[in-house]
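Step one of this worksheet: look at the structure below.
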Amino acid sequence: TTGGSLTSAQLPLASGSTPPSLAGDLPIEIAMRDPAQVARFAESAAQAANPASYAKFLTREAAFKRKTGLDLNSLVWLLTGDLIVESDTHTTIGRATVSNPATAAGDLRKLVAAPKGIFNKGTSYKSLGGGLYAVRTSSMTLTIGVIGSQLVLGRASTAAVRSFATAPTTPASGASGALAFK
């Protein structure tokens, strides 16, 4: 850094003392406020740390956009609420509140329609209905979709993913700041 003061938008995590909310009933719960800020910081850091590598990333991203019509950053920037992950080490499910669920669902349709553009060569997808998709790689199957205002992703049953997407949130008692863990 230059040694000058940073704005709150330049920090790796959202500033402020308000903690994110938690949801779910698995024994491990982690939450982060404003996950898009982490993505913005990571992208800025990558650009500053290795401009040549970042330029290659932009070239791959532009090729993906030409092929699918999807700008990956546009999907990431929709992640304006809390990111919440729950796990019991066998089942792991995450959800993030999106600012525009219809746009997120449309972007997701474009993403899963071209899984080999982002994921491994052996990747395929299948629509599960109700805005959910099964994305299969050689080693696992992930369920991804938009339910209500939540972008969900999980290594779990469809029912578990749907349940977690609509689970009520609770304040992270005793927490302060952008991260909470229970």
Side-chain angles (χ1 to χ4, degrees), residues 14 19-39 42 60-61 64-65 67-173 175 178-182:
S21 293
L22 298 169
D25 56 8
L26 293 179
I28 302 167
E29 295 179 45
I30 302 167
M32 176 178 34
R33 193 167 26 89
D34 194 8
Q37 180 153 344
V38 175
R60 286 191 312 272
E61 184 182 44
F64 183 76
K65 183 177 180 179
K67 181 178 179 180
T68 65
L70 173 62
D71 176 358
L72 291 175
N73 277 337
S74 69
L75 181 59
V76 172
W77 305 152
L78 294 173
L79 305 176
T80 56
D82 293 342
L83 167 66
I84 306 170
V85 178
E86 73 166 354
S87 181
D88 64 4
T89 71
H90 300 287
T91 296
T92 302
I93 311 169
R95 79 185 208 188
T97 305
V98 293
S99 58
N100 187 325
T103 299
D107 286 352
L108 190 57
R109 275 191 301 278
K110 292 174 186 175
L111 179 66
V112 299
K116 293 178 178 111
I118 295 294
F119 303 106
N120 296 331
K121 292 180 180 177
T123 302
S124 63
Y125 85 98
K126 176 176 109 174
S127 176
L128 301 173
L132 291 178
Y133 302 90
V135 178
R136 290 186 178 89
T137 69
S138 58
S139 61
M140 74 177 81
T141 298
L142 298 171
T143 302
I144 187 169
V146 176
I147 298 175
S149 64
Q150 302 297 316
L151 175 65
V152 291
L153 173 69
R155 198 173 90 186
S157 70
T158 303
V161 170
R162 287 185 194 284
S163 177
F164 184 61
T166 59
T169 60
T170 57
S173 62
L179 293 172
F181 178 80
K182 177 178 160 193

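All heavy atoms count here, side chains included; hydrogens, waters and symmetry mates do not.
Between Pro19 and Ala172, the shortest heavy-atom contact is CG-O, 4.1 Å. Contact record, Pro101 with Ser149: CG-CA, 3.7 Å, taken as the closest heavy-atom pair. What you find for Ser21 and Thr169 is that their closest heavy atoms are CB-CB, 3.6 Å. Scanning all heavy atoms of the two residues, the minimum distance from Ala156 to Thr143 falls at O-OG1, 3.6 Å.
For Ala105, the side chain to side chain contact (heavy atoms under 4.5 Å, CB included) partners at least two apart in sequence or on another chain are Arg109, Val146. The side chain to side chain contact (heavy atoms under 4.5 Å, CB included) search around Leu153 returns Leu142, Ile144, not counting sequence neighbours. In this structure Thr80 satisfies the side chain to side chain contact (heavy atoms under 4.5 Å, CB included) test together with Ser99, sequence neighbours excluded. Take Lys182 and apply the salt bridge (charged side-chain N to carboxylate O under 4.0 Å, His left out) test, not counting sequence neighbours, and it matches Glu29.
Between Ile147 and Leu132, some side-chain heavy-atom pair lies under the 4.5 Å cut-off. Using a 4.5 Å cut-off on side-chain heavy atoms (C-beta onward), Met32 and Ile30 make no contact.
Considering CZ of Arg33 and CG of Leu179, their distance stands at 9.0 Å, rounded to 0.5 Å.
Annotation: side chain to side chain donor-acceptor pair (under 3.5 Å) contacts involving residues 87-97, sequence neighbours excluded, comprise Ser87-Thr92, Arg95-Gln150, Thr97-Gln150. Screening residues 151-167 for side chain to side chain donor-acceptor pair (under 3.5 Å), with sequence neighbours left out, gives no hits.
A donor-acceptor pair is defined here as one N or O able to donate and one able to accept, closer than 3.5 Å; no such pair exists between the side chain of Asp82 and the backbone of Pro20.
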What pairs of donor and acceptor atoms, side-chain ones from residues 72-79 against any protein atom, are under 3.5 angstrom apart with sequence neighbours left out?
from	atom 1	to	atom 2	distance (Å)
Asn73	ND2	Glu43	OE1	3.3
Asn73	ND2	Glu43	OE2	3.4
Ser74	OG	Asp71	O	2.5
Ser74	OG	Asp107	OD2	3.4

Verify side-chain contact (heavy atoms from CB on, under 4.5 Å) between Leu22 and Phe181, making sure each step is shown before the conclusion. CA-CA 8 Å; Leu22 298 169; Phe181 178 80; over 6 Å; no
Take Phe164 and Ile84 through the side-chain contact (heavy atoms from CB on, under 4.5 Å) test and state the conclusion after the steps. CA-CA 10 Å; Phe164 184 61; Ile84 306 170; 3.9 Å; yes
